[in-house]
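Inspection log for the structure reproduced underneath, given as structure tokens.
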Amino acid sequence: MIYEIQIGEAVRKLELTRDGDAWSVALDGQPLPADIALVAPGTISLLLAGRSFTFAYASADPSSVWLAAAGHETRAEVRDPRRRLAQRHFHLTGRARLNAPMAGKVVRLLAELGATVEAGQGLLVLEAMKMQNEVRSPKSGTLVSLAVAAGAAVATGQLLAEVE
Amino acid sequence: MIYEIQIGEAVRKLELTRDGDAWSVALDGQPLPADIALVAPGTISLLLAGRSFTFAYASADPSSVWLAAAGHETRAEVRDPRRRLAQRHFHLTGRARLNAPMAGKVVRLLAELGATVEAGQGLLVLEAMKMQNEVRSPKSGTLVSLAVAAGAAVATGQLLAEVE
Amino acid sequence: MPSRPPFRKILIANRGEIAVRLLRACRDLEIASVAVYSDADRAALHVQLADEALRLGPAPAAESYLDIARVLDAARRSGAQAIHPGYGFLAENAAFAAACRDAGLVFIGPSPESMAALGSKTAARRLAQAHHIPILEGTVDAVSSLAQAQAIAQRIGFPVMLKAAAGGGGKGMRLVASAADLPSAFALAGAEAAAAFGDPSVFLERAVLQPRHIEIQILGDRHGSLVWLGERECSVQRRHQKIIEESPAPRLSPATRAAMGAAACAAARAAGYYSAGTVEFLVDADERFFFLEVNTRLQVEHPVTELVTGLDLVQLQIRIAAGEPLPFAQADIVPRGHAIECRICAEDPEQDFMPSPGTVARLVPPAGPGLREDSGIYQGWTVPLEYDPLLSKLIAWGEDRPQALARMRRALREYQLGGLRHNLGFFRRIFADPDFCAGRTDTGTVARLLAQPPPPSLAPDPAWQDAAALAAALATAAALPPQPAAASTPSHWQRAARTEALR
Amino acid sequence: MPSRPPFRKILIANRGEIAVRLLRACRDLEIASVAVYSDADRAALHVQLADEALRLGPAPAAESYLDIARVLDAARRSGAQAIHPGYGFLAENAAFAAACRDAGLVFIGPSPESMAALGSKTAARRLAQAHHIPILEGTVDAVSSLAQAQAIAQRIGFPVMLKAAAGGGGKGMRLVASAADLPSAFALAGAEAAAAFGDPSVFLERAVLQPRHIEIQILGDRHGSLVWLGERECSVQRRHQKIIEESPAPRLSPATRAAMGAAACAAARAAGYYSAGTVEFLVDADERFFFLEVNTRLQVEHPVTELVTGLDLVQLQIRIAAGEPLPFAQADIVPRGHAIECRICAEDPEQDFMPSPGTVARLVPPAGPGLREDSGIYQGWTVPLEYDPLLSKLIAWGEDRPQALARMRRALREYQLGGLRHNLGFFRRIFADPDFCAGRTDTGTVARLLAQPPPPSLAPDPAWQDAAALAAALATAAALPPQPAAASTPSHWQRAARTEALR
């Protein structure tokens, strides 16, 4: 698998290949000798040239990951080849479809149909297990469709809204 | 849903009915006014007659749950109507089938084919995400079949062994 | 201490970290604790940890935590004998303290009379003046009109500070540089004060530039004995609210410290004060100190004093409320070492510290020597939008200030908090600042820091960046299809394990 | 303390909670830390938290943590200047300390010579005898044969205690009630000693019945100054291993305490001892004390002394190893309050405390006033079968013993640890025992407790049972199909949420 990872300005190309139990890694085409341990949910331990990096992570949305290790935090944008198609689709139509990232109940809408929205702006709030999550707009544009109303129960992947 | 919950010697019959967002509960036929909040993975908050009980739990195996609250711990045996069939099957054949509780790799076998095993005795060790879990015998008897070898990768639910 | 519990049951009229800290004190004294909660807080940590919990009402504080009738009704229903108000909400509301007394409940705090005498800034200034405690030149009474404000400002000279008469926490507070700025500032301060405290009156005083904010902790019993428990340096503030407090204060002469302690006790005695309280002072570059106000309640930053003195202020408040005498005299108080606190908040330092609630997707707090944490959150908790963004207080103790700072740095490095914006990174920056490390802080410290670019030494090195990129790739590889952090991070790995095992 | 770091980089030749505690001390001193690990520990917490980590070898300790050559090689590769051995493994191995010196590495501990002089029980007994420190009647040298053992036992009279000459921790230790039991006990003790320490020699001494185990913490620098830092009461033991330690010791007269401190310092001075060490004594019902042995290393229970004295023993060890003088004298040491520690272990109190490793499915540690935890685990960690079952040390401090005990009770109540068997419940029982609460403990306390049925007061009430049954039903309802706890608890809820939302 090949990923393009953007942290700040810099973009790195990571190539992951499984051999048996382990991964082999190439960074921008150069082999990267890394000892990888998935130590627990949300935690990856990496040993690179003897240095220990333990990353806590959480994926905020389909294409970005929050990472923290040794007192530093960052948000990495991930471009995943297996999402190329979907992404191209965005580019062709210029229309971003928002699907429910989790099953739950729509507790409130944060933007009105036709509203101009910023990339990252919250469009609605989904609640499950008494935990609320904001569903944010993947791009700046206009909220051209709203497929759900406040109070509606939605299933994972169900279309919520479209931004154009 | 109706469950029979055994804690120590005592068996309680719990009837759970959903109305909308909430559950209504009957304990041994009597309505139990309970305010239920699933506050986080592995944590349930119950308010019963003003008292606050916050249970941490983990399901050790298909039919028992570890529970802890307010400095007390217990292991509850749960008889779930939706498992009646499987259980009757046990009683008919007297043969217990062990299925893989999780996908992973069999790192080692702890008992040999034909061995006499105790209920709760570890039969093999399953590893996933660098975390190892012992798969224990649900009953005392003889290990009459072993469907996997050390090093094998297994999928969730795959048959591992049978104890008779 | 005597082992007989001073009360059988206490209702905790608060939420968040302070409610948790209070019920822990109750448990240590073998007193049953009753939590109260709004609809936004049903799943809150204080509800989970208390012995009992009762609903107050809807999420808005006015209909729950600020509703005196509902709180008293909950106390009645639970059979509690006493109420601890914590800080904020009803803690400095003399009417509430009186209502508790009328309802036959013990209010764990000072008497309504001394709250009234010290709670209003203008009343407190009059009292201080009467007892020859230095105050800043300005109005002793609330100013009635803009015209009056202009006149006074001209007399004492700009810059001046506008302050709400009824409360603190920076609300209704405005620094006014010139006469031209006064009209809008006067209007805004009054409006803020009205919104926050139901009372628009503001007063006016000379502004000290780059002042230090240093406060004295006092503690008195109902039998007339009163002590002070050292000072706290609280100059590191944003939006006029403290984010770091420490004790002892760096660069403060023993003489000044003693004089401030004596002044604080004088003001408290004049008002017949008992229970815990805090007298706040401004200290200028020449170590002249000016009386600011009295907080007639337990202070957010009380753990700093607890770690240095070894005392449990909440346990002592409870015993004092039950009528017990102070178990020690001024001479018995022996401070040890240095303590410092960081207020961890759900806010965005890059956007002017705007509160930014969200779900705690990831929480692994630090541990080990010299650390204490008073937290109100847990992994999976969604921080409500309705209340203060304070999540937790992290406190480090050391034999001396350098050791305390080093331990806090270590704790800030270990702390894993994900899923919402917070100020941990900003604290790391402050604790790397040479001026801060040398104890050179004033109320302008935060602004000056934000004006500079972050030092390169704080930026992660290239190897860290490479590792982060690899971690991001691995997380994604294992996380298809992706889901929001809070609920699903673990499931990534199950799916990963399956796919891996099946390959 | 001086702010210049005493070393640039330190290798930590240990694992588990102590490795984590040591690297935190390094971080506080701005020293880079190098962790080492076996194949069983690749995912261990100490590997995650250290700045660097190097593999030693396979899981068995003999091929990893006990392999001197591999440890020295790791130090060489990492460029570390010093090695901290922690406790156990190579900590009391004089040959290792010498090998470090030969390799140009600073061993953070005493000199090989004083380790040799005090490390062997028999050598230490000779030294104590020479300095008129009371010892138990028995052999000063290892006994060579069963016949000799029988002869000596007859002379000093049964019961007698057999002990391994080479090490501690209860291995190779046997209480022998009568001559008939001696042969098997002699054989077993020798075999255990050989297995544990590579040396079968045992010695024999009079057994004191219901003794108290009290030890003195000593600390010396390389320039001849040496102090003692109070005592620790460690009588609550199972399988001859401590599970609870506290300081100060209840029911110990100041005179006896002072005499023990003087005796400890005399023994240490006689051996030219420096760094941290512990001198263990037995104290009988009449407060007569008998020298037992010297632990020439940092003790597991050192945090108890740290909380009472305010000192950081590990930081001091590191500074002493770098040649710095002790920054204080005996008179400067002012103890404050009371501290007590519980050793949280993966073991089953109902099955004779058999170690029972497993996966930490659930971990929410307690927090708040007066608590410290030195832990080596995290949620999701699978405790290896290869090593000691100690998971974490929970320490409570209070102004006095009752407050410390109350805070520990509160902490034990809050502590959530699921997925493996542990002794938290047993601690709750000990902390409810009237004798223990009154400070009446001896090495027989645990056995006596286990002989009684648990007091009804500790059993949950019917309402709790009802709530537990409801919780079990809800957990099951939300958790189909069930999966093992460690990996899948969270996914229950996702599935639950889906099913619920779709209904």
Side-chain angles (χ1 to χ4, degrees), chain A residues 1 3 5-8 10 12 14-16 18 21 23 25 27 32 34 36 38 40-44 46 48-49 51 53 55-74 76-78 80 82 101-102 104 126-135 156-157, chain C residues 42-43 357-362 364 379-382 384-385 409-410 412-419 422 424-425 428 458-494 496-497 500 503:
Chain A
M1 287 168 287
Y3 297 93
I5 310 291
Q6 177 164 2
I7 295 175
R12 288 174 172 77
L14 266 298
E15 187 165 358
L16 306 182
R18 289 198 62 84
D21 241 14
W23 298 89
V25 181
L27 170 62
L32 181 70
I36 298 168
L38 314 180
T43 313
I44 298 175
L46 302 174
L48 293 173
R51 280 179 68 183
F53 300 94
F55 282 92
Y57 73 89
S59 66
D61 57 63
S63 64
S64 95
V65 180
W66 166 83
L67 294 158
H72 302 296
E73 281 185 280
T74 192
E77 299 302 317
V78 181
D80 175 347
R82 275 171 298 179
M102 66 199 295
L126 257 188
E127 170 173 311
M129 304 171 290
K130 299 240 183 306
M131 291 187 236
Q132 301 197 346
N133 299 276
E134 252 189 31
V135 178
T156 310
Chain C
R42 168 61 184 89
T359 296
V360 181
R362 170 81 175 187
V364 181
Q379 184 166 306
W381 166 239
T382 296
L385 311 92
R409 269 184 220 103
R410 182 235 307 162
L412 292 169
R413 179 194 156 114
E414 278 185 30
Y415 212 119
Q416 295 178 11
L417 177 56
H422 54 69
L424 281 171
R428 295 187 191 109
L458 280 187
D461 66 356
W464 190 96
Q465 306 272 4
D466 291 345
L470 173 53
L474 289 163
T476 310
L480 297 168
Q483 300 196 352
S488 70
T489 321
S491 69
H492 299 172
W493 292 116
Q494 292 154 30
E500 287 171 27
R503 265 197 211 99

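Remember, predicted model here, so these are calculated numbers, not experimental data. Each chain gets a letter, A, B and so on, in the order the sequences are listed, and its residues count up from 1.
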Residues 465-475 of chain C, side-chain donor-acceptor partners within the protein, below 3.5 Å, at least two apart:
unit_1: C/Asp466; atom_1: OD1; unit_2: A/Arg12; atom_2: NE; d: 2.6
unit_1: C/Asp466; atom_1: OD1; unit_2: A/Arg12; atom_2: NH2; d: 3.2

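- Counting all heavy atoms, side chain and backbone alike, A/Pro41 lies closest to C/Arg362 at O-NH1, 3.3 Å.
- Heavy-atom distances place the side chain of A/Ala34, and not its backbone, under 4.5 Å from chain C.
- Within the 4.5 angstrom heavy-atom criterion, only backbone atoms of C/Pro462 (N, CA, C, O) approach chain A.
- Take A/Glu73 and apply the side-chain contact (heavy atoms from CB on, under 4.5 Å) test, not counting sequence neighbours, and it matches A/Trp66, A/Ala68, C/His422, C/Arg428.
- Ring geometry, A/His72 versus C/Trp464: the interplanar angle exceeds 60°, so the pair is classed perpendicular (tilted spans 30 to 60°).
- The choice from C/Leu417, C/Val364, C/Leu412 that makes the most heavy-atom pairs within less than 4.5 Å of chain A is C/Leu417.
- Neither the backbone nor the side chain of C/Leu424 has a heavy atom closer than 4.5 Å to any heavy atom of chain A.
- If you measure heavy-atom distances from A/Ala76 to chain C, the contacts under 4.5 Å come from the side chain alone.
- Across all non-hydrogen atoms, the minimal contact from C/Gln416 to A/Ala56 is OE1-CB, 3.3 Å.
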